[in-house]
Amino acid sequence: MLVYPSAIDLSSSHLRFLARELVVRRRETGTRWRRLSAGRQALVVLAHLRCGDTYARLAAGFAIGIATVCRYVHEGIDVLAALAPTLQQAVQTAAGKAFVILDGTLLPIDRVAADRPYYSGKHKRHGMNVQVVTDPAGRIVWASPALPGTVHDIKAARTHGIIDALATAGVTCWADKGYQGAGGTVRVPYRGRRKNLSHGQRAVNRAHAKIRAIGERAMATLKNWRLLRKLRCSTTRITPTVHAILTLNLHTHS
């Protein structure tokens, strides 16, 4: 098998951050010996998350077994996911912002046509629905647990309690037409054909679109983690994966 050097477009602070957390985990579990050091394990996890490298490729690159890679990756993801903020903590952070932006994204998964609960009619593909709360600068504040792709954005937001939490905290939230009827502090554009809207309504919709466009930066940031572009893991592992990436993103801005 041919081996070649590669690079990950992350700073060394990500590596040090995860390595420290893995050292703590090893002390808690009483681990005496591992094939890889905490730093090398952290590199395996980051390569999987950022580059989407498969277990087989990582096993060959680090000269360890595929089962070992699987354990190392799951452990690293779980360590990071445990550090992700809860919705209540995120809302406390959002309370200090002028407003937040709420949007949903579909994370593609490898499912067959028979898996209807995961098929999104809107996107015409199988996936998992994740709700993302963004600050005015386009930074991710919080990401929700993943729900099947058949769940619409407004239902997902209500299921997670996002709308009620923001309303209770008095945080103004901007969202698209998919959240029509959400109530609370959620602001959505006027519905209807452009020609049927008044001049004032069209002006409001233009301003609304400019604000929501900021949230697209967060979505782009999320999809920079190439693993999320096509998830091939069990659906039960998607929520920890999303929360692990959320933790790493928040560490970037800390």
Side-chain angles (χ1 to χ4, degrees), residues 6 8-31 34-62 64-87 89-90 105-111 118 127-132 140-148 160 218-219 221-254:
S6 184
I8 305 175
D9 56 340
L10 293 172
S11 69
S12 58
S13 66
H14 289 92
L15 182 66
R16 292 194 297 270
F17 169 69
L18 179 52
R20 286 196 301 268
E21 297 299 329
L22 288 172
V23 168
V24 172
R25 170 61 68 89
R26 293 184 180 192
R27 289 173 180 170
E28 291 174 348
T29 57
T31 300
R34 293 281 187 98
R35 288 292 302 275
L36 297 182
S37 66
R40 295 289 285 174
Q41 181 183 353
L43 190 58
V44 170
V45 176
L46 293 177
H48 179 66
L49 293 175
R50 190 68 172 185
C51 304
D53 288 342
T54 63
Y55 293 161
R57 182 179 296 177
L58 291 170
F62 287 85
I64 55 178
I66 293 177
T68 302
V69 171
C70 182
R71 289 196 303 271
Y72 281 179
V73 169
H74 283 192
E75 182 181 43
I77 287 175
D78 290 340
V79 165
L80 290 170
L83 299 174
T86 63
L87 176 60
Q89 292 171 332
T105 186
L106 187 81
L107 302 180
I109 60 175
D110 61 339
R111 288 297 181 271
Y118 302 102
M128 300 292 283
N129 181 301
V130 173
Q131 299 294 298
V132 179
I140 300 175
V141 175
W142 184 73
S144 75
L147 292 175
H160 298 308
M219 295 303 181
T221 299
L222 202 60
K223 296 300 177 68
N224 276 341
W225 298 84
R226 286 178 280 281
L227 182 67
L228 297 184
R229 297 178 186 177
K230 186 63 176 289
L231 288 156
R232 295 176 173 83
C233 60
S234 166
T235 55
T236 61
R237 295 296 307 169
I238 294 178
T239 293
T241 299
V242 171
H243 286 170
I245 290 173
L246 170 63
T247 298
L248 291 169
N249 272 329
L250 293 175
H251 171 71
T252 302
H253 301 296
S254 63

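We count residues from 1, following the sequence as given.
- Rounded to the nearest 0.5 angstrom, Leu147 CG and Ile238 CD1 are separated by 11.0 Å.
- Looking only at side-chain heavy atoms (C-beta outward), His243 and Ile77 stay at 4.5 Å or farther from each other.
- Looking only at atom types and distance, the side chain of Arg16 has a donor-acceptor partner in the side chain of Ser12 under 3.5 Å away.
- Taking CG from Leu228 and CG from Leu107, the interatomic distance works out to 5.5 Å, rounded to the nearest 0.5 Å.
- Proximity of Tyr55 to Val73: side-chain heavy atoms (C-beta onward) are separated by under 4.5 Å at one or more points.
- Using a 4.5 Å heavy-atom threshold, the side chains of Thr252 and His14 count as touching.
- Between Asp53 atom CG and Ile8 atom CD1 the span is 7.5 Å, to the nearest 0.5 Å.
- When all heavy atoms are compared, the tightest approach of Leu246 to Pro85 is CD2-CD, 3.9 Å.
- Distance alone, capped at 3.5 Å, is enough to place a donor-acceptor pair between the Gln41 side chain and the Tyr72 backbone.
- The side chain to side chain contact (heavy atoms under 4.5 Å, CB included) test with His48 is passed by exactly one of Leu43, Leu58, Val69: Leu58.
- Taking Arg71 as the reference, Thr68 meet the side chain to side chain donor-acceptor pair (under 3.5 Å) condition, with sequence neighbours excluded.
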Test log, rule side-chain contact (heavy atoms from CB on, under 4.5 Å), inputs Leu10 and Leu15: CA-CA 8 Å; Leu10 293 172; Leu15 182 66; over 6 Å; no
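- A 4.5 Å side-chain heavy-atom check between Leu248 and Leu46 finds at least one atom pair inside the cut-off.
- Residues Val242 and Met128 have side chains not in contact (no heavy-atom distance under 4.5 Å, counting atoms from C-beta outward).
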Pair Arg40-Arg34, side-chain contact (heavy atoms from CB on, under 4.5 Å): steps then yes or no: CA-CA 10 Å; Arg40 295 289 285 174; Arg34 293 281 187 98; over 6 Å; no
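- Side-chain atoms of Ser144 come within 3.5 Å of backbone atoms of Gln131 as a donor-acceptor pair (strictly under, hydrogens ignored).
- With salt bridges taken as basic N to acidic carboxylate O contacts below 4.0 Å, none links Lys230 and Asp110.
- Contact record, Gly76 with Leu22: CA-CD2, 4.0 Å, taken as the closest heavy-atom pair.
- Under the 30°/60° scheme for interplanar angles, the aromatic rings of Phe17 and His251 are found to lie parallel.
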